[in-house]
Amino acid sequence: MTALRAWLLPALLALAACGPAPAPTPVPVGTQVAARLTQTAAAPSVTPPLATAARSATATREPSATATATATMELTPTATPTATETGSPEPPARATVGLDTLPYPPVTFGGAPHFYFGSNPGEGFIASSYRYGSVGPGQRFATHHGVDFSAPEGSTAVAVAPGTIYYAGSDLERQFGPQTDFYGNVVVIQLAQTWNGHSVYALYGHLSSVLVTDGQPVAAGEAVGLVGASGVALGPHLHLETRIDVPDSYWDTRNPELWLTPIGGYGTLALRVTNSAGFYLPGARVDFTCSDGAARFMETYWYNGVNPDDEYGENAAMMNLPPGYCDFTVHANGATYDFPNGLVQAGAVSFVNLSVP
Ligand SMILES: [Zn+2]
């Protein structure tokens, strides 16, 4: 298996993705608002190539007057497909996913954030080129059921939340991945806290050793293992998953970036990219720039066994974004679509829906 080869490059990208701290002010979490920001499509214009597109946030945009908790926005594109787009941002035919076979996005979305995990299970940053639901650089890897932290060999993996050790040991004989001997040395924590009646688990993969035993209670921040490259990993990193209700099931994961607490002053984005019929658009690259001016990108879930969040119904998500407005460019159908002014709020999950014509 080559599923987890993507840890090296992402380490660099992830560093860039964190960017300089803008010293923002946290916004208290309150009730959901439906600040639906519908913008009419502007006249067709040519979208400049991404490499030369000088996209930066302006200081003149007014924040939404309804800035609390989960910001819900529906953005419409400001540009129609360009005929001059070169290259192929579209993934190859690997994902022969019939759009109508995907789950239809829920009509309702939002709700209170469930930041049950601490901001980091150890050292390092989340690998930006192989996020949850993506297939890695060049679409070479299996759909990722977790996120990878670029943690060094032998560094300490810590409990992201208080709970009880459900399993600690090798997966040679007990299967947690698509096969045995996939995650190598595994630790699974059952969180003390449940979510809407569901059990929540944090799975750590590829450890060089485990430091806990089955049934052991752990406190948040307590060491549970050492980072390694066991199982199918080709280099040391920390693989983290969120599993709901069925801790042994590779198919019952959610995006950990919606469970990890963003670092102080930053926020989390839940993105939904759909087509004109309202179906999820799988494998679409989304480039975006937020208030710190850093270039970031996501890839929408390929749906080979990964799941949207039960509340957000997203098909991409990213944590630790600076608050303020972000401008998005979606690559789909051989074209690019610009969606300006999606608002990210500190300490919250901001939901943005990008509907591609
Ligand atoms: Zn991984």
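Any value given below was found using the heavy atoms of this structure, including those in side chains, with hydrogens, waters and symmetry copies removed. Note that the structure is a prediction, hence the values are computed from the model and not measured. In this chain, residues are counted from 1 in sequence order. Order of appearance sets the numbers: ligands from 1, and atoms from 1 within every ligand.
- The closest donor-acceptor contact from the side chain of Arg174 to the backbone of Gly169 lies at 3.5 Å or more, if one exists at all.
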Exercise for review: Test ring pair (Phe, Tyr, Trp, His ring centres under 6.0 Å) on Phe176 and Tyr250 and set out the steps.
Suggested key: CA-CA 6 Å; Phe176 285 92; Tyr250 184 65; over 10 Å; no

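- Remark: Tyr204 pairs with no residue by the ring pair (Phe, Tyr, Trp, His ring centres under 6.0 Å) rule, at least two apart or across chains.
- Residue contacts to the Zn ion (ligand 1): His239 brings an N, O or S atom closer than 2.8 Å.
- Each ring-ring contact (aromatic ring centres under 6.0 Å, His included) pair with one or both residues in residues 208-230, not counting sequence neighbours, would appear here, but there are none.
- Taking the Zn ion (ligand 1) as reference, Asp148 places its N/O/S atom OD1 nearest.
- Distance check for His145 against the Zn ion (ligand 1): none of its N/O/S atoms falls below 2.8 Å.
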